[in-house]
Amino acid sequence: MTQAQEAILLVGGKGTRLRPLTMNTPKPMVPAAGVPFLTHQLARARAAGVEHIVLATSYLAEVFEPYFGDGSSLGLHLEYVTEAEPLGTGGAIRNVASRLRSGPDDPVLVFNGDILTGLDIRALVDTHRSSGAEVSLHLTRVEDPRAFGLVPTDGTGRVTAFLEKPGTPEEIVTDQINAGAYVFRRSVIDRIPAGRPVSVERETFPELLGSGAHLQGMVDSTYWLDLGTPQAFVRGSADLVLGRAPSPAVPGRCGDRLVLPTARVAAGAKLTGGTVVGEGATVGEGARVSGSTLLDGAVVEAGAVITDSLVGAGARVGARTVVTAAVVGDGAVVGADNELRDGARIWCDAAIPAGAIRFSSDR
């Protein structure tokens with residue numbers, strides 16, 4: 001084999017930080033640039049030569065297979081394994097091992113289901129092969145690494161340590177972090193303890209390193225975004241539409257907006273910044289929507305201003321209401337002349353009367 005032909009995709013998380021987006025939908029199925037986010041990951045893996053993918057599922061597992069089926073529409077063979085109990089990243093990888101077809105020394109790709117990245121997947125596999133490593137990790141550089149575990153490497157790219165989130169400036173010995181994509185030698189997966197929770201980040205990788213195993217890091221500083229928060233998810237969707245984040249699965253040309261076929265946008269409305277208008281959604285006269293996602297059936301009434309926000313499926317934003325860096329859950333109704341600001345989250349099916357939330361006295 002000249003490339004990794006199979007992969008494991010970890011899609012079992014509850015997406016707690018993304019609520020209310022994930023109340024009715026698991027995080028990988030929340031639409032980004034018009035299709036479930038998972039579609040972008042599957043399409044990018046297929047473009048890199050992957051043919052067989054096992055999805056390690058848990059939370060709302062029953063929604064994946066009805067949507068993607070056997071994967072043939074994407075040119076893939078998909079299988080699904082559902083955890084009975086949460087097993088962590090390492091436990092989830094081990095739990096699907098029986099579905100892998102690779103030999104002991106073959107490479108198996110592993111992807112976290114909440115990372116949007118422009119990673120050169122083939123280059124990671126090539127690095128793995130040429131270095132002879134047991135595990136190879138995609139590393140990315142970040143400006144502020146305090147929120148992440150650090151992964152320093154030596155001059156050849158070999159990992160030298162796994163460090164917890166730095167608490168002091170002196171502990172920031174590198175700006176390299178684990179970016180959530182790996183190549184495992186198949187035999188390493190089979191050695192992960194079965195039937196109990198295991199974290200690859202806190203248990204498997206440090207133990208391998210401690211035993212003298214070769215772990216290789218490949219720094220690839222192309223586009224990388226952890227979609228763990230609503231604001232990050234909205235930004236990731238906009239970046240896909242704008243073409244900043246590459247994906248063969250965007251259903252249309254890259255540009256300032258993506259309007260799906262059955263959406264209705266008034267002639268005097270303005271859509272910018274990678275905005276997505278979902279199937280059956282409506283944008284009224286004079287509304288301005290920038291860098292935002294309107295899910296299927298959402299309604300934005302005349303004169304509303306939506307910026308860097310997400311409006312859930314079937315939700316309604318009233319006339320002249322201003323929504324900035326906020327989330328309106330599925331089916332919620334926000335009346336006219338309200339103002340929602342940074343970080344506001346309106347729960348699914350909630351109702352806010354007209355004029356109930358205001359921040360300035362001159363409105």
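Below, each value reflects all heavy atoms present in this structure, side chains not excepted, and no hydrogens, waters or symmetry copies. Residue numbers count from 1 along this sequence.
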Has the side chain of [X] got a donor or acceptor atom that lies under 3.5 Å from a matching backbone atom of [Y]?
X    : Y    : value
N112 : D114 : no
Q41  : I115 : yes
W224 : T140 : no
D120 : D220 : no
T321 : E339 : no

What distance separates [X] [atom1] from [Y] [atom2], expressed to the nearest 0.5 Å?
X    : Y    : atom1 : atom2 : value
L260 : D296 : CG    : CG    : 7.0 Å
D337 : R320 : CG    : CZ    : 4.0 Å
S199 : I192 : OG    : CD1   : 10.5 Å
T307 : R341 : OG1   : CZ    : 12.0 Å
D330 : T25  : CG    : OG1   : 6.0 Å
L76  : L42  : CG    : CG    : 6.0 Å

For residues [X] and [Y], determine if any side-chain heavy atom of one lies less than 4.5 Å from a side-chain heavy atom of the other.
X    : Y    : answer
M218 : S136 : no
N178 : F205 : yes
V300 : L294 : yes
D308 : R235 : no
L38  : F64  : yes
I93  : T204 : no
P248 : R44  : yes
T282 : E301 : no

Carboxylate-amine/guanidinium contact [X] [Y], below 4.0 Å:
X    : Y    : value
R186 : D106 : no
E203 : R196 : yes
D126 : R122 : no

Next on the checklist: Please determine whether side chain to side chain contact (heavy atoms under 4.5 Å, CB included) holds for the pair V323 and V334, giving the CA-CA distance in whole Å, both sets of side-chain angles, and the decisive distance to 0.1 Å.
Outcome noted: CA-CA 10 Å; V323 180; V334 180; 5.7 Å; no

Next on the checklist: Run H128 and Q216 through side chain to side chain contact (heavy atoms under 4.5 Å, CB included) and show every step you take.
Outcome noted: CA-CA 7 Å; H128 179 77; Q216 186 73 14; over 6 Å; no

ILVMFWY cluster, [X] and [Y] together (side-chain gap under 4.5 Å):
X    : Y    : value
L109 : F68  : yes
L150 : F162 : no
F148 : L225 : no
V198 : V110 : yes
V142 : L116 : no

Next on the checklist: Apply side chain to side chain contact (heavy atoms under 4.5 Å, CB included) to residues M29 and V11 and explain how you reach the verdict.
Outcome noted: CA-CA 9 Å; M29 296 299 289; V11 291; over 6 Å; no

Ignoring hydrogens and angles, state whether a donor on the side chain of [X] or [Y] is under 3.5 Å from an acceptor on the partner side chain.
X    : Y    : value
T275 : S292 : no
T153 : Q176 : yes
H77  : E6   : no
T229 : Q231 : no

Item to check | L163/E171 under side chain to side chain contact (heavy atoms under 4.5 Å, CB included): CA gap, chis, key distance, verdict | outcome: CA-CA 9 Å; L163 305 175; E171 292 175 2; over 6 Å; no

Checklist entry - Can you say whether the rings of Y182 and F184 are parallel (under 30°), tilted (30 to 60°) or perpendicular (over 60°)? => result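 Perpendicular.
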
So for atom [atom1], which belongs to [X], do other residues, nucleotides or ligands contribute more than 12 heavy atoms lying within a distance under 6.0 Å?
X    : atom1 : result
R345 : CZ    : yes
R46  : CZ    : yes
R146 : CZ    : no

